[in-house]
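Working notes, beginning with the structure itself.
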Amino acid sequence: MNRETYIQYSTSDLCDAYPELARVVEPIFTNFGGRASFGGEVITVKCYEDNSVVKKTADTPGYGKVMVVDGGGSLRRALLGDLIAEDAMKNGWEGFIIFGCIRDVDAIGKMKIGVKALNVIPLKTEKRGIGKLNVSVTFGGVTFNPGEFVYSDNNGIIVSTKQLKMPE
């Protein structure tokens, strides 16, 4: 797929077309990325106030993937900033859903990558190398399992065990 051509998802239409598959995340997230609509295969990171695994994972190929980060809901440290977001974008990641904070929102808002997070804070994390990759994480009333699919737009976030196609 051409990186300038993105699939536009409508979570409302997907919920209508696949009511038995769509698990709806509670409306606690704000859109900060330059792409309001994004989706793909779930890759999870579980970490708390340490974004070492987020940074390392963003440096790997992410075409068709969304990084779902369980930061424990912490509002004290930013798990994503402009440098990591830029690396992820260069590596083809579709976006991030972060149960925690980000920073550098003005720069991230200009990038062609989706980013949903709880809030913003200017303070970066300490790098201690602590975190887990591809474990099930639960927040917003939904469990995200690696290999499932997540879809996000201005209406919300949904998760499915199967890849969903936009209805025609």
Side-chain angles (χ1 to χ4, degrees), residues 1-9 25 29-140 142-153 157-161 163:
M1 177 186 345
N2 180 336
R3 289 303 298 162
E4 295 303 315
T5 305
Y6 301 101
I7 297 172
Q8 291 294 310
Y9 295 102
V25 178
F29 291 90
T30 300
N31 181 31
F32 294 103
R35 286 179 57 199
S37 172
F38 62 98
E41 181 184 351
V42 171
I43 303 297
T44 64
V45 173
K46 186 172 180 71
C47 58
Y48 186 77
E49 298 183 3
D50 179 346
N51 67 351
S52 301
V53 177
V54 174
K55 179 176 176 26
K56 183 176 179 182
T57 306
D59 285 334
T60 64
Y63 292 97
K65 298 176 184 177
V66 175
M67 195 180 312
V68 176
V69 181
D70 181 355
S74 173
L75 302 177
R76 302 185 324 169
R77 300 281 180 156
L79 296 174
L80 178 71
D82 61 344
L83 299 178
I84 295 174
E86 188 172 354
D87 285 345
M89 190 178 66
K90 288 177 183 174
N91 284 308
W93 287 87
E94 300 298 324
F96 293 87
I97 296 170
I98 299 183
F99 187 54
C101 286
I102 68 166
R103 67 188 207 159
D104 305 318
V105 295
D106 294 330
I108 289 173
K110 295 175 185 170
M111 295 180 191
K112 294 291 183 194
I113 192 164
V115 177
K116 290 257 180 123
L118 294 179
N119 217 321
V120 298
I121 192 166
L123 193 59
K124 68 180 181 177
T125 69
E126 294 179 21
K127 305 281 190 294
R128 299 180 311 260
I130 299 171
K132 295 179 181 177
L133 180 64
N134 281 331
V135 296
S136 294
V137 297
T138 302
F139 56 82
V142 170
T143 297
F144 298 81
N145 297 300
E148 291 185 331
F149 294 87
V150 65
Y151 303 92
S152 178
D153 67 3
I157 302 168
I158 63 170
V159 183
S160 173
T161 56
Q163 189 171 18

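Being a predicted model, the structure only gives us computed values, none of them experimental. Values below: every heavy atom of this structure, side chains too, minus hydrogens, waters and symmetry copies.
In terms of the side chain to side chain donor-acceptor pair (under 3.5 Å) criterion, residue partners of S74 (sequence neighbours excluded) are, by chain and number, E49. K46 pairs by the side chain to side chain donor-acceptor pair (under 3.5 Å) definition with D70, not counting sequence neighbours. Take F38 and apply the ring-ring contact (aromatic ring centres under 6.0 Å, His included) test, not counting sequence neighbours, and it matches no residue. Applying the ring-ring contact (aromatic ring centres under 6.0 Å, His included) criterion to F139, with sequence neighbours excluded, gives F29, F99, F144. With sequence neighbours excluded, the residues satisfying salt bridge (charged side-chain N to carboxylate O under 4.0 Å, His left out) with E86 are K90. A search for ring-ring contact (aromatic ring centres under 6.0 Å, His included) contacts involving F32 returns nothing, not counting sequence neighbours.
With rounding to the nearest 0.5 angstrom, the SG atom of C47 is 10.0 Å from the CD1 atom of I130. Between the CG atom of D153 and the NZ atom of K116 there is a distance of 6.5 Å, given to the nearest 0.5 Å. Here CZ of R77 is found 10.0 Å from CZ of R103. Values are rounded to the nearest 0.5 Å. How far CG of D104 is from CE of M111: 8.0 Å, rounded to the nearest 0.5 Å. To the nearest 0.5 angstrom, I108 atom CD1 is 11.5 Å from N31 atom CG. The structure places CG of N51 at 12.0 Å from CD1 of I102, a figure rounded to the nearest 0.5 Å.
Taking all atoms of both residues into account, the shortest heavy-atom contact from G147 to E41 is CA-OE2, 3.7 Å. Residues S52 and G129 come closest through the heavy atom pair OG-N, 3.1 Å. In this structure, A78 and T125 approach most closely via the heavy-atom pair O-CG2, 3.1 Å.
Contact of the V25 side chain with the V159 side chain is registered, since non-hydrogen atoms from C-beta on lie closer than 4.5 Å. Two residues are said to be in side-chain contact when any heavy atoms from C-beta on lie closer than 4.5 Å; K132 and V137 fail this criterion. The side-chain heavy atoms of E94 and I7, taken from C-beta on, include no pair separated by under 4.5 Å. At least one side-chain heavy atom of I43 sits less than 4.5 Å from a side-chain heavy atom of N134. Side-chain contact between F149 and I158 is absent, with no heavy atoms from C-beta onward closer than 4.5 Å. Residues V69 and L80 fail the side-chain proximity criterion, which asks for heavy atoms closer than 4.5 Å. You'll find the side chain of F96 reaches within 4.5 Å of the side chain of V54, heavy atoms only. Under the 4.5 Å side-chain criterion, counting only non-hydrogen atoms from C-beta, V150 is in contact with I157.
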What do the steps show when you test E148 against T143 for side chain to side chain contact (heavy atoms under 4.5 Å, CB included), and what is the final call?
-> CA-CA 10 Å; E148 291 185 331; T143 297; over 6 Å; no
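Under a 3.5 Å cut-off, the side chain of N91 and the backbone N or O of G62 do not form any donor-acceptor pair. When atom types are taken as modelled, the side chain of W93 and the backbone of T60 share a donor-acceptor pair closer than 3.5 angstrom.
Judged purely by distance below 3.5 Å, without hydrogens or angles, the side chains of N145 and S136 pair a donor atom with an acceptor atom.
Tested against M67 for a side-chain contact (heavy atoms from CB on, under 4.5 Å), the candidates T44, T57, V53 yield a single pass: T57.
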